[in-house]
There are 2 protein chains.
Amino acid sequence: MRIGELAQATGTKAETIRYYERAGILPAADRTDSNYRDYSDEHLATLTFVRRARALGFSMAQVRELLALSDHDDKPCENVDQLVRQQLSEVDSKIADLTALREELGQLLQSCEADRIGDCRIVESLSASRARP
Amino acid sequence: MRIGELAQATGTKAETIRYYERAGILPAADRTDSNYRDYSDEHLATLTFVRRARALGFSMAQVRELLALSDHDDKPCENVDQLVRQQLSEVDSKIADLTALREELGQLLQSCEADRIGDCRIVESLSASRARP
DNA sequence: ATGCACCTTGTAGCAGCTACAAGGTCAAGC
DNA sequence: GCTTGACCTTGTAGCTGCTACAAGGTGCAT
């Protein structure tokens, strides 16, 4: 299949697929006589894997690790497990950060009952007196 | 005060402060005879404001807007209010995304009870069969 | 043969910094 | 007076994960 077809099948832009190849995430495809990339079903499967992992928040480096790990069927899967745990804990701490943020923003909103910016507590509570350019 | 002092006072790297100046976020400072930047208390206040807004997840563009708004004391503060509301809803949707992610990752983890990667459901559920390079 | 959709490469851009390199300045210590 | 070391200056390039060109080649229908 050509790059456009693969792109459509996986919901990825063709440019992103080429980028993955350059980045060593997706193995290079065969070429047709006219130098077009010619992808196999294996490529489709790998790209699906990559996109799903990326959507789950794994970094490119982590995806590379996952790919490398999944190429060794006979190794213990502790490592995969550990990567997932690590990702889970990163997601958890992001959620915690954002929840704290949410709280602060909510309080900011409540603090504004004024009409004019001069009296606005939001600006005030971001910082008392500011430099004017 | 010199850039290092301002950096320490606000928990910002000197390089970041120079970047803010280039980016038009922080007004340029006066210069000493020896061409060192010389910051005022107003700069300190502005930078504090900027860092706090950034920490609350506002983008550089939003910070620019907030700064511009807070320079017009007599305008209605609806706009500030609206920016905060917008940011709040972005944070909310990020939390929702991450929570869904958390759920999926949790299920991934549960699905792995195998010893070998070949039998590991995690790899399997990321994608059935993959291309080998 | 002409149009149009697709493909190729290469390069540059986005956010928001961070990290150099190569050099200038200033205060303290000897 | 001179050196050391911490600071400062500018400029440029790098990071992540794409995305967006530009300039040209290819494939297929009309």
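In the text below, chain A, chain B and the rest are named by the order of the sequence lines, each starting its count at 1.
Neither OP1 nor OP2 of dC8(D) sits under 4.0 Å from any side-chain N or O of Ser34(B). In terms of phosphate contacts, Thr16(A) brings a side-chain nitrogen or oxygen within less than 4.0 Å of OP1 or OP2 of dT19(D). Residue Arg18(A) places at least one side-chain N or O closer than 4.0 Å to OP1 or OP2 of dT8(C). OP1 or OP2 of dA20(D) has at least one side-chain nitrogen or oxygen of Lys13(A) nearer than 4.0 Å. Residue Arg54(A) places at least one side-chain N or O under 4.0 Å from the OP1 or OP2 atom of dC18(D). Between Arg37(B) and dC8(D) there is no side-chain polar atom (N or O) within less than 4.0 angstrom of OP1 or OP2.
Computed from coordinates, the Leu56(A) CG to dG17(D) P distance equals 14 Å when rounded to whole Å. Straight-line distance from the CZ atom of Arg51(A) to the P atom of dC18(D): 6 Å, rounded to whole Å. The distance between atom CD1 of Ile25(A) and atom C1' of dC18(D), rounded to the nearest whole Å, is 12 Å. Rounding to whole angstrom units, CD of residue Glu21(A) and C1' of dG10(C) are separated by 14 Å. Separating the OH atom of Tyr19(B) from the C1' atom of dA13(D) is a distance of 15 Å, rounded to the nearest angstrom. In this structure, CD1 of Ile17(B) is placed 16 Å from C1' of dT10(D), rounded to the nearest angstrom. At whole-Å resolution of the value, CZ in Arg22(B) and P in dT12(D) are 11 Å apart. Rounded to an integer number of Å, the gap from CZ of Arg64(A) to C1' of dT16(D) is 11 Å.
Judged by distance alone with a 3.5 Å cut-off, no donor-acceptor contact links the side chain of Glu15(A) to the base of dC7(C). Side chain Tyr36(A) to base dG25(D): a donor-acceptor pair is found below 3.5 Å.
Counting only heavy atoms from C-beta outward, the side chains of Glu65(A) and Leu83(A) approach each other to under 4.5 Å.
Between Ala61(A) and Ile3(B), it is Ile3(B) whose nearest contact on DNA chain D lies nearer the 5' terminus. Each of Asn35(A) and Tyr20(B) lies near DNA chain C, and the nucleotide nearest Asn35(A) is the one positioned closer to the 5' end. Nearest-nucleotide positions on DNA chain D place Arg31(B) closer to the 5' end than the other of Arg31(B) and Met60(A).
For the atom pair Glu21(A) CD and Ile3(A) CD1, the distance stands at 7.5 Å (nearest 0.5 Å).
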* Asked: Are Met1(A) and His43(A) close enough, and set up right, to give a side chain to side chain contact (heavy atoms under 4.5 Å, CB included), and what steps lead you there?
  -> CA-CA 10 Å; Met1(A) 70 205 314; His43(A) 282 101; over 6 Å; no
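The backbone N or O of Leu6(B) sits nowhere less than 3.5 Å from a side-chain atom of Arg2(B) that would complete a donor-acceptor pair. At least one donor-acceptor pair closer than 3.5 Å links the side chain of Gln87(B) to the backbone N or O of Leu56(B).
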